[in-house]
There are 2 protein chains.
Amino acid sequence: MDLQEGKQKFIESWGKMASDWGINRTMAQVHALLLISPDAISADEVMEGLNISRGNVNMNLRALIDWGLVHKKLKAGERKEYFYAEKDMWTVVRQIIIHRKKKELEPMIRVLDDVAGVEASCPESESFCKVVKDIRMLSQRADQTLDTLVKADSSWFANIFYRMVR
Amino acid sequence: MDLQEGKQKFIESWGKMASDWGINRTMAQVHALLLISPDAISADEVMEGLNISRGNVNMNLRALIDWGLVHKKLKAGERKEYFYAEKDMWTVVRQIIIHRKKKELEPMIRVLDDVAGVEASCPESESFCKVVKDIRMLSQRADQTLDTLVKADSSWFANIFYRMVR
DNA sequence: TTTTGTTTTCAAAAATAATTGAAAACTATG
DNA sequence: CATAGTTTTCAATTATTTTTGAAAACAAAA
């Protein structure tokens with residue numbers, strides 16, 4: 001496998017994984033392309049690199065910036081904008097956690113809190129109340145843990161998995 | 001909020017969360033319905049409960065059984081099949097981890113291993129090799145950790161988050 | 001074997017999500 | 001202010017995913 005082929009495979013695979021996880025495939029491919037670019041590149045270069053339209057590139061770069069995974073760079077004396085990816089993988093993981101937690105876990109917890117109000121009438125539906133209680137507890141634990149995780153620093157992160165399994 | 005409303009909200013919310021995570025919304029709603037049903041129910045009851053077609057119910061029950069989240073129950077003297085959800089949340093989490101790890105993380109790791117072969121020619125693309133190396137290491141760590149997790153028992157699981165954040 | 005109740009399949013239809021591309025909106029510069 | 005380079009928007013199109021429903025397959029009982 002040569003370098004070009006390897007890059008291609010990496011981009012495709014990153015996109016596939018993302019779409020399995022509910023993230024737009026193209027967004028992940030733009031991310032992958034930037035991750036493996038030594039320098040910041042322009043929207044035109046992304047268009048060309050992935051064969052996608054200008055509008056698509058613009059929207060996905062915007063989303064990536066919103067997720068904190070990509071940054072803008074302005075080159076002196078040039079009007080064009082350049083983009084580069086955050087390459088520190090701990091920061092990438094942290095940003096993804098922050099983003100998805102806010103958009104997905106937190107709303108879920110709010111619903112579970114609401115629904116838990118029904119628990120007053122629990123005896124009449126033990127099954128429902130038990131499930132809500134269990135999932136709610138699990139979600140809250142996850143929420144707390146993720147909060148701690150995102151506040152942790154890189155070296156702590158490097159050890160976390162090791163600590164978990166020891 | 002009354003019980004009926006609470007159940008409805010729970011089913012919708014579970015479905016929404018699932019589709020955010022790349023899981024078919026209806027599959028999750030069938031799962032939610034079974035989770036909050038005190039007894040095993042038939043495909044007809046699922047059809048009626050969620051207003052979906054027989055084919056859809058059949059396919060999603062099948063998928064849930066494949067994921068190890070739902071089981072079949074045959075009642076003596078009846079030809080109809082009944083279904084009930086696994087209610088132990090640790091088992092639910094474990095089954096989801098097993099399933100998604102096998103279908104998504106492991107193929108990704110295989111691609112990264114392949115692509116890492118390019119590393120031989122690394123000096124000519126430091127950026128690419130560095131990213132692949134970092135993601136590969138991260139994925140392998142996650143893989144090992146998840147293996148340990150799925151082998152762990154329920155009480156261990158109950159403590160894991162606590163241990164992580166202490 | 002035939003009938004009847006039930007599950008399964010899968011091509012076609014519907015619903016949802018992503019993409020395009022051209023026009024509008026910006027914005028630096030002359 | 002006007003021009004030109006660039007980014008942004010978004011209605012229309014295209015692609016993908018999900019759902020339907022009727023027919024086929026299956027299996028227990030008559």
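Letters A, B, ... are given to chains in the order of the sequence lines, protein chains preceding strands, and every chain is numbered from 1.
- For the pair B/Ile65 CD1 and C/dT7 P, the computed distance is 11 Å after rounding to whole Å.
- Below 30°, between 30° and 60°, or above 60°: for B/His99 and B/Trp67 the angle between ring planes is below 30°, a parallel geometry.
- Closest to the side chain of A/Ile52, out of C/dT8, D/dT9, C/dT20, is C/dT20.
- We find that CD of A/Glu81 is positioned 5 Å from P of D/dT7, with the value rounded to whole Å.
- For the pair A/Arg25 and A/Trp14, the cation-pi test (distance below 6.0 Å, angle within 45°) is failed.
- Note on ring orientation: taking the six-membered ring where Trp is involved, the planes of A/Tyr84 and A/His71 are tilted (angle from 30° to 60°).
- Regarding B/Ile23, its CD1 atom lies at a distance of 19 Å from the P atom of C/dT16, rounded to whole Å.
- A donor and an acceptor atom sit less than 3.5 Å apart, one in the side chain of A/Arg79 and one in the base of D/dG5.
- In this structure, B/Lys73 fails the cation-pi test against B/Phe83, since its NZ or CZ atom is not both closer than 6.0 Å to the six-membered ring centre and inside 45 degrees of the ring normal.
- When only modelled atom types and interatomic distance are considered, A/Thr26 and A/Gln29 share no side-chain donor-acceptor pair under 3.5 Å.
- As judged by a 4.0 angstrom heavy-atom cut-off over every strand, A/Arg25 is placed among residues making no nucleic acid contact.
- In this structure, A/Asn60 places its CG atom 10 Å from C1' of C/dT19, rounding to the nearest Å.
- In this structure, the CZ atom of B/Arg54 is 14 Å from the C1' atom of D/dA23, given to the nearest Å.
- Among D/dT18, D/dG21, C/dA18, the nucleotide with an atom closest to any side-chain atom of B/Ser53 is D/dG21.
- Residue-to-nucleotide proximity on DNA chain D shows that, of A/Lys80 and A/Ser19, the 5′-proximal contact is made by A/Lys80.
- A straight line from CG of B/Asp44 to C1' of C/dG5 spans 11 Å, rounded to a whole angstrom.
- Separating the CD atom of B/Glu78 from the P atom of C/dG5 is a distance of 14 Å, rounded to the nearest angstrom.
- Where B/Asn24 and A/Ala43 meet DNA chain D, the nucleotide closest to each residue was compared, and A/Ala43 sits on the side nearer the 5' end.
- Using a 4.0 Å heavy-atom cutoff across all strands shown, A/Asn56 reaches at least one base atom of the nucleic acid.
- In this structure, B/Asn58 places its CG atom 13 Å from C1' of D/dT19, rounding to the nearest Å.
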